[in-house]
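Report on the following structure.
So you know, we letter chains A, B, ... as the sequences are listed, proteins then strands, and number each from 1. Only a predicted model underlies this, so the values are computations on that prediction, with no experimental measurement involved.
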Amino acid sequence: MTNEMKPVRVRFAPSPTGRLHLGGGRTALYNYLLAKKTGGKFILRIEDTDRKRYIENAEQELMDGLHWLGIDWDEGPDKPGEFGPYRQSERKEIYLKYAEQLIKQGDAFYCFCTPERLHRMKEEQEKRKEFPHYDGHCRDISLEDARKRIAAGEPYVIRFKTPKGGVTTVHDAIRGEITVENRTIDDYIIVKSDGWALYHLAAMVDDHLMGITHVIRGSEWIPTLPLHHMIIQAFGWEEPVWIHLSVFLKPSGKGKMSKRESADLIKDGYSIFLTDFKDLGYLPEAVTNWIALMGWSYDDHTEFFTMEDLIKDFSIDHLNPSPAAINFTKLDYFNGVHIRALPVEDLAHRIKPFFEAKGYHPDDETLLKITPIIQERIVTLDDAPEIAGFFFEDHVTPQTEDLIQKGLTAEKCAEIAEKSYQVLADLPEISPRIGEPEMRALVEELGLKPAQVFGVLRVAVTGRKVSPPLFESMEIIGKDIVLERIKTAAKMLREYQSRNN
RNA sequence: GCCUCCAUCGUCUAGGGGACCAGGACGCAACCCUUUCAAGGUUAAAACGUGAGUUCGAAUCUCACUGGAGGUGCCA
């Protein structure tokens with residue numbers, strides 16, 4: 001069905017009031033996917049009508065976050081199109097014009113109630129255990145009187161006039177019919193006293209003017225969906241297909257992430273803010289794959305998706321309406337999978353900054369050599385300097401205790417180091433091809449287990465008990481340094497031996 | 001409180017009346033592979049919230065309850 005969909009026009013319409021989080025990223029992604037899939041257009045619109053909440057760098061971070069994920073738009077603040085401007089703060093007059101139309105039609109009215117009166121009204125309603133709603137005080141002021149009061153300089157807002165009886169039913173593409181009693185829909189303010197339109201008006205006007213065919217947005221808009229429907233009806237416009245996505249819950253599944261919890265996450269190497277994932281060592285491919293699957297699925301077994309795959313396979317009828325708990329463990333899994341899927345050169349390029357951030361100075365040649373042997377061992381790019389940083393250190397500092405293998409004495413281990421030295425010193429070079437066969441012969445000769453002999457070597461050469469494959473590592477380090485380190489280790493073991501006798 | 005939405009393994013999910021004593025994935029456990037750590041392979045444990053109803057037959061449809069979430073702003 002979706003395969004034959006006509007080109008859509010969709011939009012992602014965030015407000016620059018904070019950082020772009022996972023949920024917003026997913027909403028943007030789904031919009032983008034639907035546009036690409038149908039050969040339609042994806043529009044980025046900035047909803048910045050609330051000047052009080054405006055945050056200076058938010059818009060830039062928003063765009064950076066989307067770009068990092070691999071999402072680009074056809075029209076937006078930085079990409080003029082025929083439906084612009086794409087910042088609501090630049091469209092003030094447009095909204096006023098349409099508000100005026102609503103007033104003339106009798107679908108909206110001027111309201112002169114002071115915030116104080118409204119506050120008192122609300123308190124009384126709460127005392128009487130009624131649900132808070134506008135009491136209709138200014139609903140029936142004649143247009144003539146209203147204009148006089150405005151001319152006299154009285155402050156006012158514009159409210160949409162909702163019907164008092166009956167029900168309103170709106171269709172959502174993934175939830176079916178959503179029916180609400182009209183009496184529960186308030187006479188919402190659509191233009192503030194400062195002359196700025198509110199979301200309910202601005203978004204409906206823009207969606208219409210920008211030719212939006214499908215609105216994919218968060219479920220927090222479900223309660224006001226009937227209002228939006230009424231506004232569109234009042235103008236006589238064509239209604240878009242509504243698609244309300246579920247929310248993301250915290251990992252426990254109990255409620256959504258609080259500000260405090262979001263801030264704490266970073267200590268564990270996670271975040272819910274899109275722009276943090278890069279520095280945390282996550283691949284945009286992995287994050288995209290991960291969030292795509294929280295609320296959408298393809299079939300009962302496919303889970304690896306590139307952006308290209310997603311564009312090909314995405315469809316709105318596989319969207320899931322229920323809330324999803326964020327599972328960071330699964331992100332780690334996806335990151336590993338996508339790291340392993342990367343060409344070596346690409347991965348080498350991506351881990352370089354992480355080495356540099358830890359103070360290493362990786363040369364590209366060495367980097368290219370170590371990348372294949374750590375590729376299946378790192379979960380985040382950030383792990384790379386941790387497990388392979390020693391390749392760029394001049395000296396390693398093994399612990400004597402680590403050099404002594406389980407079930408062996410220091411003396412025996414010293415002997416292993418010394419004999420290994422002799423074997424390796426005679427070779428033209430050390431690599432899995434040249435060196436390993438000889439060393440295995442030595443293992444045989446000594447009557448030991450491979451793990452014991454290689455264990456001594458591993459700690460001696462890399463300075464650690466856990467490392468990438470031994471012979472590959474020694475090849476990269478080079479014969480001279482390897483021999484020097486083995487010699488040092490042997491000396492340490494001998495010293496330990498005499499000290500403890 | 002009121003309104004609305006949601007409800008399958010711990011988590012993400014497949015499932016849209018018989019194909020399901022419910023499939024996949026993460027995680028967890030065991031085993032195999034193995035010079036460490038990973039990766040990979042095999043196996044195991046693990047779910048249809050409760051109660052009615054419709055039907056020859058319900059995870060799938062209806063209702064109630066329960067639980068969870070969202071909304072209730074001159075925010076978006």
Touch class at under 4.0 angstrom, heavy-atom based, for A:Trp290 against every strand present: nothing
Pairing residues for A:Arg149 by the salt bridge (Lys or Arg N to Asp or Glu O under 4.0 Å) criterion, not counting sequence neighbours: A:Glu154
Inter-nucleotide P distance (B:C28, B:C74), Å rounded: 48 Å
Sugar-phosphate, base or nothing in reach of A:Pro132, heavy atoms under 4.0 Å: base
Touch class at under 4.0 angstrom, heavy-atom based, for A:Asn327 against every strand present: base
Positional range of nucleotides in RNA chain B within the contact set of chain A, heavy-atom, under 4.0 Å: B:G1 to B:A76
B:G51 versus B:U4 - spacing of their P atoms, nearest Å: 26 Å
Whole-Å C1' distance, B:A64 and B:C21: 29 Å
Sugar-phosphate only, base, or nothing, as touched by A:Lys122 at under 4.0 Å among non-hydrogen atoms: sugar-phosphate
Nucleotide paired to B:G40 in any strand shown, Watson-Crick or G-U, under 3.5 Å: B:C32
Touch class at under 4.0 angstrom, heavy-atom based, for A:Arg464 against every strand present: nothing
Any donor-acceptor pair under 3.5 Å from A:Arg377 side chain to A:Ile373 backbone: yes
Residue met sooner reading RNA chain B from 5', once A:Thr184 and A:Ser252 are mapped to nucleotides: A:Thr184
Touch class at under 4.0 angstrom, heavy-atom based, for A:Asp186 against every strand present: nothing
Integer angstrom distance from the P of B:G67 to that of B:U62: 22 Å
Sugar-phosphate, base or nothing in reach of A:Arg175, heavy atoms under 4.0 Å: sugar-phosphate
Rounded C1' spacing from B:G16 to B:G23 in Å: 16 Å
Touch class at under 4.0 angstrom, heavy-atom based, for A:Lys254 against every strand present: sugar-phosphate
Base partner of B:A22, which must satisfy Watson-Crick or wobble distances under 3.5 Å: none
Position toward the 5' end of RNA chain B (nearest nucleotide), A:Lys465 or A:Pro14: A:Lys465
Touch class at under 4.0 angstrom, heavy-atom based, for A:Gly336 against every strand present: nothing
Any donor-acceptor pair under 3.5 Å from A:Thr184 side chain to A:Glu181 backbone: yes
Separation of the P atoms in B:C6 and B:A46, to the nearest angstrom: 31 Å
A:Glu438 side chain vs A:Leu424 backbone, donor-acceptor pair below 3.5 Å: no
Touch class at under 4.0 angstrom, heavy-atom based, for A:Val157 against every strand present: base
A:Phe12 six-ring face occupied by A:Arg45 cation (under 6.0 Å, within 45°): no
Sugar-phosphate, base or nothing in reach of A:Leu470, heavy atoms under 4.0 Å: base
B:U42 to B:C9 separation - P atoms, rounded to the nearest Å: 26 Å
Sugar-phosphate, base or nothing in reach of A:Leu198, heavy atoms under 4.0 Å: sugar-phosphate
Check: A:Glu61 side chain, A:Ala58 main-chain N or O, donor-acceptor pair, under 3.5 Å: no
Base partner of B:A7, which must satisfy Watson-Crick or wobble distances under 3.5 Å: B:U66
Check: A:Thr224 side chain, A:Leu227 main-chain N or O, donor-acceptor pair, under 3.5 Å: no
Touch class at under 4.0 angstrom, heavy-atom based, for A:Gly295 against every strand present: sugar-phosphate
Nucleotide opposite B:C2 in a Watson-Crick or G-U pair, distances under 3.5 Å: B:G71
Donor-acceptor under 3.5 Å (A:Asn335 side chain, A:Ala286 main chain): no
Sugar-phosphate, base or nothing in reach of A:Thr302, heavy atoms under 4.0 Å: nothing
Donor-acceptor contact below 3.5 Å, side chain A:Asp383 vs main chain A:Val379: yes
Whole-angstrom distance between B:G49 and B:G40, as gauged at atom C1': 38 Å
Watson-Crick or G-U wobble partner of B:C61, both distances under 3.5 Å: B:G53
Identity of whatever pairs with B:G17 - Watson-Crick or G-U, under 3.5 angstrom: none
